Amino acid sequence: MTATRGLEGIVATTSSISSIIDDTLTYVGYNIDDLADNASFEEVIYLLWHRKLPTQNELAELKQQLAENASLPQEVLNHFKTYPIDKVHPMAALRSAVSLLGLYDEEADNMDEASNYQKAIRLQAKIPSLVTAFSRVRKGLEPIAPRTDLGFAANFIYMLTGQEPSEIAIEAFDKALVLHADHELNASTFTARVCVATLSDVYSGVTAAIGALKGPLHGGANEAVMKMLSEIGEVENVESYIQTKLANKEKIMGFGHRVYQQGDPRAKHLKKMSQKLTTITGETKWYEMSTKIEEIVTSAKPLPPNVDFYSASVYHSLGIDHDLFTPIFAVSRVSGWLAHILEQYDNNRLIRPRAEYTGPGMQTYVPVEQRS
Ligand SMILES: CC(=O)SCCNC(=O)CCNC(=O)[C@H](O)C(C)(C)COP(=O)(O)OP(=O)(O)OC[C@H]1O[C@@H](n2cnc3c(N)ncnc32)[C@H](O)[C@@H]1OP(=O)(O)O
Ligand SMILES: O=C([O-])CC(=O)C(=O)O
(Lines give C-alpha, C1' and ligand atoms only; values in the text may rest on other atoms or scores of the structure.)
(Ligands and ions follow the chains in the order given, each with its own letter.)
Protein backbone atom coordinates (compact mmCIF):
# COMPACT_ATOMS: atom_id res chain seq x y z
CA MET A 1 0.00 0.00 0.00
CA THR A 2 1.43 3.38 -1.02
CA ALA A 3 -0.13 6.65 0.17
CA THR A 4 -0.74 9.59 -2.17
CA ARG A 5 0.02 12.80 -0.26
CA GLY A 6 -3.10 14.88 0.17
CA LEU A 7 -5.01 12.31 -1.98
CA GLU A 8 -3.88 14.30 -5.04
CA GLY A 9 -5.47 12.97 -8.21
CA ILE A 10 -7.49 10.30 -6.37
CA VAL A 11 -11.07 9.96 -7.63
CA ALA A 12 -13.00 9.25 -4.44
CA THR A 13 -16.64 9.29 -5.56
CA THR A 14 -18.99 9.79 -8.47
CA SER A 15 -21.13 12.93 -8.41
CA SER A 16 -23.59 14.64 -10.75
CA ILE A 17 -23.38 18.05 -9.04
CA SER A 18 -20.37 19.96 -10.34
CA SER A 19 -17.37 19.20 -12.52
CA ILE A 20 -13.91 20.61 -13.19
CA ILE A 21 -12.70 19.35 -16.55
CA ASP A 22 -9.81 21.01 -18.41
CA ASP A 23 -10.02 24.01 -16.06
CA THR A 24 -13.72 24.54 -16.86
CA LEU A 25 -16.09 24.56 -13.90
CA THR A 26 -19.71 23.57 -14.40
CA TYR A 27 -22.64 23.18 -12.06
CA VAL A 28 -24.78 20.33 -13.46
CA GLY A 29 -23.33 20.99 -16.90
CA TYR A 30 -23.84 24.78 -16.88
CA ASN A 31 -20.62 26.74 -17.33
CA ILE A 32 -19.83 28.88 -14.27
CA ASP A 33 -19.31 31.93 -16.53
CA ASP A 34 -22.86 31.58 -17.82
CA LEU A 35 -24.25 31.19 -14.30
CA ALA A 36 -22.17 34.06 -12.88
CA ASP A 37 -23.45 36.39 -15.58
CA ASN A 38 -27.08 35.31 -15.56
CA ALA A 39 -28.28 33.22 -12.61
CA SER A 40 -29.38 34.28 -9.14
CA PHE A 41 -28.08 32.39 -6.11
CA GLU A 42 -31.54 30.96 -5.44
CA GLU A 43 -31.60 29.47 -8.96
CA VAL A 44 -28.20 27.92 -8.29
CA ILE A 45 -29.38 26.39 -5.01
CA TYR A 46 -32.29 24.80 -6.88
CA LEU A 47 -29.97 23.62 -9.66
CA LEU A 48 -27.58 21.95 -7.22
CA TRP A 49 -30.34 20.25 -5.24
CA HIS A 50 -32.55 19.18 -8.16
CA ARG A 51 -30.03 18.98 -11.06
CA LYS A 52 -32.23 21.27 -13.15
CA LEU A 53 -32.87 25.00 -13.31
CA PRO A 54 -36.18 25.96 -11.67
CA THR A 55 -39.30 27.13 -13.46
CA GLN A 56 -40.70 30.46 -12.26
CA ASN A 57 -43.08 28.65 -9.90
CA GLU A 58 -40.39 26.35 -8.53
CA LEU A 59 -38.12 29.34 -7.92
CA ALA A 60 -40.89 31.28 -6.20
CA GLU A 61 -41.62 28.27 -3.98
CA LEU A 62 -37.97 27.88 -3.01
CA LYS A 63 -37.68 31.60 -2.21
CA GLN A 64 -40.76 31.38 -0.05
CA GLN A 65 -39.44 28.31 1.79
CA LEU A 66 -36.11 30.04 2.44
CA ALA A 67 -37.84 33.17 3.72
CA GLU A 68 -40.20 31.17 5.97
CA ASN A 69 -37.34 29.20 7.54
CA ALA A 70 -34.85 32.00 8.17
CA SER A 71 -35.74 32.74 11.79
CA LEU A 72 -33.60 31.31 14.58
CA PRO A 73 -34.61 29.58 17.81
CA GLN A 74 -34.37 32.08 20.68
CA GLU A 75 -32.14 29.57 22.53
CA VAL A 76 -29.51 29.86 19.78
CA LEU A 77 -29.59 33.67 19.89
CA ASN A 78 -29.31 33.60 23.68
CA HIS A 79 -26.35 31.25 23.34
CA PHE A 80 -24.37 33.83 21.35
CA LYS A 81 -24.60 36.14 24.35
CA THR A 82 -22.80 33.51 26.47
CA TYR A 83 -19.76 33.29 24.11
CA PRO A 84 -16.49 35.07 25.09
CA ILE A 85 -17.56 37.41 22.32
CA ASP A 86 -14.40 39.47 21.76
CA LYS A 87 -12.25 36.33 21.42
CA VAL A 88 -14.49 34.15 19.26
CA HIS A 89 -13.86 33.97 15.52
CA PRO A 90 -17.19 34.09 13.64
CA MET A 91 -16.32 30.78 11.91
CA ALA A 92 -15.97 29.11 15.32
CA ALA A 93 -19.25 30.73 16.39
CA LEU A 94 -20.94 29.47 13.21
CA ARG A 95 -19.56 25.95 13.67
CA SER A 96 -20.90 25.85 17.24
CA ALA A 97 -24.22 27.46 16.34
CA VAL A 98 -24.98 25.02 13.49
CA SER A 99 -24.34 22.12 15.84
CA LEU A 100 -26.61 23.81 18.38
CA LEU A 101 -29.34 24.33 15.77
CA GLY A 102 -29.49 20.55 15.42
CA LEU A 103 -30.52 20.26 19.07
CA TYR A 104 -33.64 22.32 18.36
CA ASP A 105 -34.64 20.43 15.21
CA GLU A 106 -36.94 17.60 16.24
CA GLU A 107 -36.30 15.93 12.88
CA ALA A 108 -32.50 16.09 13.18
CA ASP A 109 -32.08 12.31 13.29
CA ASN A 110 -34.95 11.44 10.96
CA MET A 111 -33.18 10.00 7.92
CA ASP A 112 -35.98 9.80 5.37
CA GLU A 113 -35.42 11.67 2.11
CA ALA A 114 -38.22 14.22 2.52
CA SER A 115 -37.10 15.07 6.03
CA ASN A 116 -33.48 15.51 4.93
CA TYR A 117 -34.60 17.86 2.14
CA GLN A 118 -36.55 19.96 4.66
CA LYS A 119 -33.45 20.16 6.84
CA ALA A 120 -31.48 21.33 3.81
CA ILE A 121 -33.93 24.20 3.38
CA ARG A 122 -33.80 25.04 7.07
CA LEU A 123 -29.99 25.11 7.11
CA GLN A 124 -29.69 27.13 3.90
CA ALA A 125 -32.20 29.61 5.30
CA LYS A 126 -30.79 29.87 8.83
CA ILE A 127 -27.03 30.07 8.17
CA PRO A 128 -27.22 33.69 6.87
CA SER A 129 -29.29 34.54 9.95
CA LEU A 130 -26.65 32.96 12.20
CA VAL A 131 -23.76 34.85 10.59
CA THR A 132 -25.53 38.21 10.63
CA ALA A 133 -27.01 37.76 14.13
CA PHE A 134 -23.61 36.86 15.57
CA SER A 135 -22.05 39.87 13.88
CA ARG A 136 -24.66 42.16 15.43
CA VAL A 137 -24.72 40.58 18.89
CA ARG A 138 -20.95 40.97 19.25
CA LYS A 139 -21.36 44.69 18.51
CA GLY A 140 -24.06 44.99 21.15
CA LEU A 141 -26.79 45.30 18.50
CA GLU A 142 -30.05 43.37 18.21
CA PRO A 143 -30.31 40.77 15.42
CA ILE A 144 -32.51 41.85 12.51
CA ALA A 145 -35.18 39.52 11.13
CA PRO A 146 -35.09 38.89 7.37
CA ARG A 147 -37.60 40.64 5.09
CA THR A 148 -39.87 38.52 2.92
CA ASP A 149 -39.74 41.06 0.07
CA LEU A 150 -35.95 40.84 -0.36
CA GLY A 151 -33.99 38.13 -2.17
CA PHE A 152 -31.31 36.00 -0.52
CA ALA A 153 -28.34 38.28 -1.27
CA ALA A 154 -30.18 41.49 -0.37
CA ASN A 155 -31.49 39.97 2.83
CA PHE A 156 -28.02 39.01 3.97
CA ILE A 157 -26.75 42.59 3.69
CA TYR A 158 -29.96 43.93 5.20
CA MET A 159 -29.72 41.59 8.21
CA LEU A 160 -26.06 42.53 8.64
CA THR A 161 -26.40 46.31 8.39
CA GLY A 162 -30.07 47.15 8.87
CA GLN A 163 -29.89 49.09 5.59
CA GLU A 164 -31.49 48.14 2.30
CA PRO A 165 -28.50 47.51 0.00
CA SER A 166 -27.84 49.29 -3.30
CA GLU A 167 -28.39 47.50 -6.62
CA ILE A 168 -24.65 47.18 -7.18
CA ALA A 169 -24.11 45.70 -3.71
CA ILE A 170 -26.84 43.13 -4.35
CA GLU A 171 -25.36 42.29 -7.76
CA ALA A 172 -21.86 41.84 -6.33
CA PHE A 173 -22.96 39.78 -3.36
CA ASP A 174 -25.28 37.57 -5.41
CA LYS A 175 -22.50 36.91 -7.94
CA ALA A 176 -20.09 36.00 -5.15
CA LEU A 177 -22.67 33.56 -3.75
CA VAL A 178 -23.15 31.97 -7.18
CA LEU A 179 -19.38 31.62 -7.67
CA HIS A 180 -18.76 29.99 -4.28
CA ALA A 181 -21.72 27.58 -4.24
CA ASP A 182 -20.06 24.31 -5.18
CA HIS A 183 -16.69 22.99 -6.26
CA GLU A 184 -16.60 19.27 -6.83
CA LEU A 185 -14.75 17.37 -4.07
CA ASN A 186 -13.04 20.26 -2.27
CA ALA A 187 -11.86 19.64 1.30
CA SER A 188 -15.00 20.83 3.13
CA THR A 189 -17.37 18.99 0.80
CA PHE A 190 -15.32 15.81 1.14
CA THR A 191 -15.45 16.27 4.92
CA ALA A 192 -19.24 16.55 4.81
CA ARG A 193 -19.51 13.42 2.68
CA VAL A 194 -17.17 11.40 4.92
CA CYS A 195 -19.20 12.45 7.96
CA VAL A 196 -22.65 11.58 6.62
CA ALA A 197 -21.42 8.37 4.96
CA THR A 198 -21.43 6.92 8.48
CA LEU A 199 -25.18 7.70 8.32
CA SER A 200 -24.69 10.54 10.74
CA ASP A 201 -27.17 13.42 10.43
CA VAL A 202 -27.21 16.52 8.19
CA TYR A 203 -26.29 18.91 11.05
CA SER A 204 -23.19 16.82 11.83
CA GLY A 205 -22.18 16.88 8.15
CA VAL A 206 -22.52 20.66 7.86
CA THR A 207 -20.81 21.29 11.21
CA ALA A 208 -17.85 19.16 10.10
CA ALA A 209 -17.71 20.97 6.75
CA ILE A 210 -17.61 24.39 8.45
CA GLY A 211 -14.64 23.18 10.48
CA ALA A 212 -12.82 22.20 7.28
CA LEU A 213 -13.68 25.42 5.44
CA LYS A 214 -12.29 27.51 8.30
CA GLY A 215 -8.64 26.66 7.58
CA PRO A 216 -6.48 29.19 5.65
CA LEU A 217 -5.52 26.65 2.97
CA HIS A 218 -9.22 26.50 2.08
CA GLY A 219 -12.00 29.04 2.78
CA GLY A 220 -10.02 30.88 5.44
CA ALA A 221 -7.75 32.18 2.67
CA ASN A 222 -10.12 35.07 1.81
CA GLU A 223 -9.66 36.64 5.25
CA ALA A 224 -5.91 35.95 5.02
CA VAL A 225 -5.78 37.80 1.68
CA MET A 226 -7.38 40.87 3.28
CA LYS A 227 -4.90 40.67 6.15
CA MET A 228 -2.08 40.68 3.61
CA LEU A 229 -3.57 43.64 1.69
CA SER A 230 -3.98 45.57 4.95
CA GLU A 231 -0.38 44.82 5.97
CA ILE A 232 0.88 46.02 2.59
CA GLY A 233 -1.21 49.17 2.95
CA GLU A 234 -0.17 51.03 -0.21
CA VAL A 235 0.57 50.08 -3.83
CA GLU A 236 4.21 51.17 -3.56
CA ASN A 237 4.83 48.59 -0.80
CA VAL A 238 3.61 45.62 -2.87
CA GLU A 239 6.83 44.82 -4.72
CA SER A 240 9.08 44.48 -1.66
CA TYR A 241 6.42 42.73 0.45
CA ILE A 242 5.69 40.06 -2.16
CA GLN A 243 9.31 39.60 -3.27
CA THR A 244 10.33 39.05 0.37
CA LYS A 245 7.58 36.45 0.83
CA LEU A 246 8.57 34.66 -2.37
CA ALA A 247 12.26 34.72 -1.41
CA ASN A 248 11.37 33.23 1.98
CA LYS A 249 9.27 30.55 0.23
CA GLU A 250 6.18 31.73 2.12
CA LYS A 251 2.79 31.10 0.61
CA ILE A 252 0.94 34.03 -0.92
CA MET A 253 -2.65 33.65 0.15
CA GLY A 254 -5.26 33.51 -2.60
CA PHE A 255 -2.89 31.91 -5.12
CA GLY A 256 -2.56 28.33 -6.33
CA HIS A 257 -5.01 25.50 -6.58
CA ARG A 258 -4.87 21.73 -6.35
CA VAL A 259 -6.99 21.12 -9.45
CA TYR A 260 -6.70 24.11 -11.83
CA GLN A 261 -3.59 24.22 -14.01
CA GLN A 262 -4.19 27.42 -15.98
CA GLY A 263 -6.27 29.35 -13.46
CA ASP A 264 -9.47 29.44 -11.48
CA PRO A 265 -12.32 30.53 -13.81
CA ARG A 266 -14.14 32.21 -10.90
CA ALA A 267 -11.34 34.69 -10.20
CA LYS A 268 -11.92 36.87 -13.28
CA HIS A 269 -15.54 37.59 -12.27
CA LEU A 270 -14.45 38.72 -8.81
CA LYS A 271 -11.58 40.72 -10.29
CA LYS A 272 -14.02 42.64 -12.50
CA MET A 273 -16.33 43.19 -9.54
CA SER A 274 -13.43 44.36 -7.39
CA GLN A 275 -12.51 46.97 -10.00
CA LYS A 276 -16.12 48.15 -10.24
CA LEU A 277 -16.70 48.38 -6.49
CA THR A 278 -13.40 50.02 -5.61
CA THR A 279 -14.07 52.65 -8.26
CA ILE A 280 -17.45 53.35 -6.65
CA THR A 281 -16.02 53.54 -3.12
CA GLY A 282 -13.06 55.62 -4.33
CA GLU A 283 -10.68 53.18 -2.60
CA THR A 284 -9.09 51.88 -5.80
CA LYS A 285 -5.88 51.03 -3.95
CA TRP A 286 -7.29 47.64 -2.91
CA TYR A 287 -7.81 46.69 -6.55
CA GLU A 288 -4.51 48.22 -7.64
CA MET A 289 -2.59 46.39 -4.90
CA SER A 290 -4.33 43.15 -5.86
CA THR A 291 -3.52 43.42 -9.58
CA LYS A 292 0.09 44.29 -8.76
CA ILE A 293 0.36 41.25 -6.49
CA GLU A 294 -1.11 39.10 -9.26
CA GLU A 295 1.41 40.50 -11.75
CA ILE A 296 4.39 39.78 -9.49
CA VAL A 297 3.30 36.33 -8.32
CA THR A 298 2.33 35.05 -11.76
CA SER A 299 5.55 36.26 -13.34
CA ALA A 300 7.56 34.50 -10.61
CA LYS A 301 5.62 31.21 -10.45
CA PRO A 302 2.86 29.41 -12.37
CA LEU A 303 0.40 30.31 -9.61
CA PRO A 304 -2.75 32.12 -10.78
CA PRO A 305 -5.17 33.70 -8.29
CA ASN A 306 -7.94 31.49 -6.95
CA VAL A 307 -11.51 32.38 -5.94
CA ASP A 308 -10.37 33.73 -2.58
CA PHE A 309 -8.04 36.40 -3.94
CA TYR A 310 -10.33 39.05 -5.42
CA SER A 311 -13.27 38.14 -3.17
CA ALA A 312 -11.32 39.85 -0.37
CA SER A 313 -11.38 43.32 -1.97
CA VAL A 314 -14.97 42.75 -3.11
CA TYR A 315 -16.23 42.05 0.43
CA HIS A 316 -14.07 44.83 1.87
CA SER A 317 -15.58 47.28 -0.61
CA LEU A 318 -19.05 46.18 0.51
CA GLY A 319 -18.08 47.31 4.02
CA ILE A 320 -18.05 43.78 5.46
CA ASP A 321 -15.90 43.01 8.52
CA HIS A 322 -12.87 40.98 7.45
CA ASP A 323 -13.50 38.06 9.80
CA LEU A 324 -16.93 37.56 8.20
CA PHE A 325 -15.43 36.74 4.79
CA THR A 326 -15.10 33.01 5.47
CA PRO A 327 -18.54 32.71 7.13
CA ILE A 328 -19.91 34.32 3.93
CA PHE A 329 -18.17 31.58 1.95
CA ALA A 330 -20.10 29.12 4.17
CA VAL A 331 -23.39 30.97 3.51
CA SER A 332 -22.91 30.08 -0.15
CA ARG A 333 -21.07 26.74 0.06
CA VAL A 334 -23.66 25.21 2.37
CA SER A 335 -25.80 24.87 -0.78
CA GLY A 336 -23.12 22.62 -2.27
CA TRP A 337 -22.50 20.73 0.97
CA LEU A 338 -26.21 19.99 1.24
CA ALA A 339 -26.41 18.81 -2.39
CA HIS A 340 -23.47 16.46 -1.74
CA ILE A 341 -24.89 15.25 1.59
CA LEU A 342 -28.21 14.38 -0.08
CA GLU A 343 -26.36 12.69 -2.96
CA GLN A 344 -24.25 10.69 -0.49
CA TYR A 345 -27.35 9.44 1.39
CA ASP A 346 -28.93 8.52 -1.93
CA ASN A 347 -26.23 5.99 -2.82
CA ASN A 348 -24.33 5.55 0.43
CA ARG A 349 -21.31 3.48 1.25
CA LEU A 350 -19.04 4.11 4.24
CA ILE A 351 -15.96 6.14 3.21
CA ARG A 352 -13.01 4.44 4.80
CA PRO A 353 -9.65 4.58 2.99
CA ARG A 354 -6.44 2.96 4.24
CA ALA A 355 -3.22 4.40 5.67
CA GLU A 356 0.31 3.38 4.73
CA TYR A 357 1.86 2.54 8.10
CA THR A 358 5.22 4.23 8.79
CA GLY A 359 5.59 3.51 12.54
CA PRO A 360 7.86 0.94 14.24
CA GLY A 361 7.60 -2.81 13.57
CA MET A 362 6.17 -5.33 16.06
CA GLN A 363 6.98 -4.43 19.68
CA THR A 364 6.46 -6.30 22.95
CA TYR A 365 4.46 -4.64 25.71
CA VAL A 366 6.55 -3.75 28.78
CA PRO A 367 4.68 -3.13 32.09
CA VAL A 368 4.98 0.51 33.24
CA GLU A 369 7.12 -0.28 36.32
CA GLN A 370 9.73 -2.01 34.13
CA ARG A 371 10.09 0.89 31.65
CA SER A 372 13.17 3.08 31.91
C1 LIG B 1 -11.53 27.98 -1.95
C2 LIG B 1 -10.19 27.44 -1.85
O3 LIG B 1 -9.98 26.60 -1.04
S4 LIG B 1 -9.07 27.91 -2.98
C5 LIG B 1 -7.50 27.72 -2.13
C6 LIG B 1 -7.36 28.72 -1.02
N7 LIG B 1 -6.03 28.62 -0.37
C8 LIG B 1 -5.07 29.52 -0.57
O9 LIG B 1 -5.19 30.48 -1.32
C10 LIG B 1 -3.80 29.30 0.22
C11 LIG B 1 -2.56 29.45 -0.64
N12 LIG B 1 -2.45 28.34 -1.58
C13 LIG B 1 -2.01 27.12 -1.19
O14 LIG B 1 -1.63 26.91 -0.02
C15 LIG B 1 -1.99 26.00 -2.19
O16 LIG B 1 -1.82 26.49 -3.50
C17 LIG B 1 -3.27 25.12 -2.12
C18 LIG B 1 -3.50 24.65 -0.68
C19 LIG B 1 -4.48 25.91 -2.59
C20 LIG B 1 -3.11 23.91 -3.04
O21 LIG B 1 -2.11 23.17 -2.48
P22 LIG B 1 -1.38 21.88 -3.09
O23 LIG B 1 -1.99 21.41 -4.32
O24 LIG B 1 -1.28 20.93 -1.98
O25 LIG B 1 0.03 22.46 -3.45
P26 LIG B 1 1.26 22.59 -2.42
O27 LIG B 1 0.89 23.35 -1.20
O28 LIG B 1 1.83 21.22 -2.24
O29 LIG B 1 2.21 23.48 -3.31
C30 LIG B 1 2.95 22.99 -4.43
C31 LIG B 1 4.13 23.95 -4.67
O32 LIG B 1 3.64 25.23 -5.02
C33 LIG B 1 3.96 26.21 -4.02
N34 LIG B 1 2.78 26.99 -3.76
C35 LIG B 1 1.49 26.59 -3.79
N36 LIG B 1 0.68 27.59 -3.47
C37 LIG B 1 1.47 28.67 -3.24
C38 LIG B 1 1.20 29.98 -2.88
N39 LIG B 1 -0.04 30.40 -2.70
N40 LIG B 1 2.25 30.81 -2.73
C41 LIG B 1 3.52 30.41 -2.93
N42 LIG B 1 3.82 29.15 -3.28
C43 LIG B 1 2.82 28.29 -3.43
C44 LIG B 1 4.33 25.39 -2.79
O45 LIG B 1 5.19 26.08 -1.92
C46 LIG B 1 4.96 24.18 -3.41
O47 LIG B 1 6.26 24.51 -3.82
P48 LIG B 1 7.46 23.45 -3.75
O49 LIG B 1 7.05 22.34 -4.67
O50 LIG B 1 8.64 24.23 -4.22
O51 LIG B 1 7.53 22.99 -2.32
O1 LIG C 1 -11.69 22.86 -4.80
C2 LIG C 1 -10.86 23.19 -3.94
O3 LIG C 1 -9.89 22.47 -3.59
C4 LIG C 1 -10.98 24.49 -3.24
C5 LIG C 1 -11.87 25.46 -3.93
O6 LIG C 1 -11.48 26.12 -4.87
C7 LIG C 1 -13.23 25.57 -3.48
O8 LIG C 1 -13.63 24.83 -2.57
O9 LIG C 1 -14.00 26.40 -4.02
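Remember, it's 1-based here, ligands and their atoms both numbered in the order they're listed. Note that the numbering runs from 1 along the sequence shown for the chain. Since we're looking at a predicted model, the values are computed, not measured.
Between Arg138 and Asp323, at least one side-chain N (NZ, or NE/NH1/NH2) sits under 4.0 Å from a carboxylate O, which counts as a salt bridge. Looking at Glu107 and Lys119, no side-chain N of the basic residue comes within less than 4.0 Å of a carboxylate O on the acidic one, giving no salt bridge.
Of the heavy atoms in Val225, none comes closer than 4.0 Å to ligand 1. The proximity of Arg333 to ligand 2, defined as any non-hydrogen pair under 4.0 Å, is limited to the side chain. When heavy-atom distances to ligand 1 are checked against a 4.0 Å cut-off, Pro216 comes that close only through its backbone atoms N, CA, C and O. With a 4.0 Å cut-off on non-hydrogen atoms, His183 does not touch ligand 1 at all. With a 4.0 Å heavy-atom cut-off, ligand 1 is reached by the side chain of Val307 but not by its N, CA, C or O. Within the 4.0 Å heavy-atom criterion, neither part of His180 lies near ligand 2. Contacts between Phe309 and ligand 1, counted as non-hydrogen atom pairs separated by less than 4.0 Å, are absent for every part of the residue.
In this structure, His218 has a heavy atom closer than 4.0 Å to ligand 2. For the ligand labelled ligand 1, residue Gly254 lies inside the 4.0 Å heavy-atom shell.
Here the heavy atom of the protein found nearest to atom 2 (C) of ligand 1 is Asp308 OD2, 3.4 Å. Among all non-hydrogen protein atoms, the one lying nearest atom 4 (C) of ligand 2 is His257 NE2, 3.5 Å.
Relative to atom 37 (C) of ligand 1, the option among Asn306, Leu303, Leu213 with the closest non-hydrogen atom is Leu303. Of the candidates Met253, Glu250, Arg266, Lys251, it is Lys251 that places a heavy atom closest to atom 15 (C) of ligand 1.
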Show me the donor-acceptor pairs, under 3.5 Å and distance only, between side chains in residues 85-92 and residues at least two apart or in other chains.
from	atom 1	to	atom 2	distance (Å)
His89	ND1	Met91	N	2.9
His89	NE2	Glu223	OE1	2.7

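Residue Arg258 has no nitrogen or oxygen atom sitting less than 3.5 Å from a nitrogen or oxygen atom of ligand 2, judged on distance alone.
Around CD of Gln56, the count of heavy atoms belonging to other residues, nucleotides or ligands within 6.0 Å does not exceed 12.
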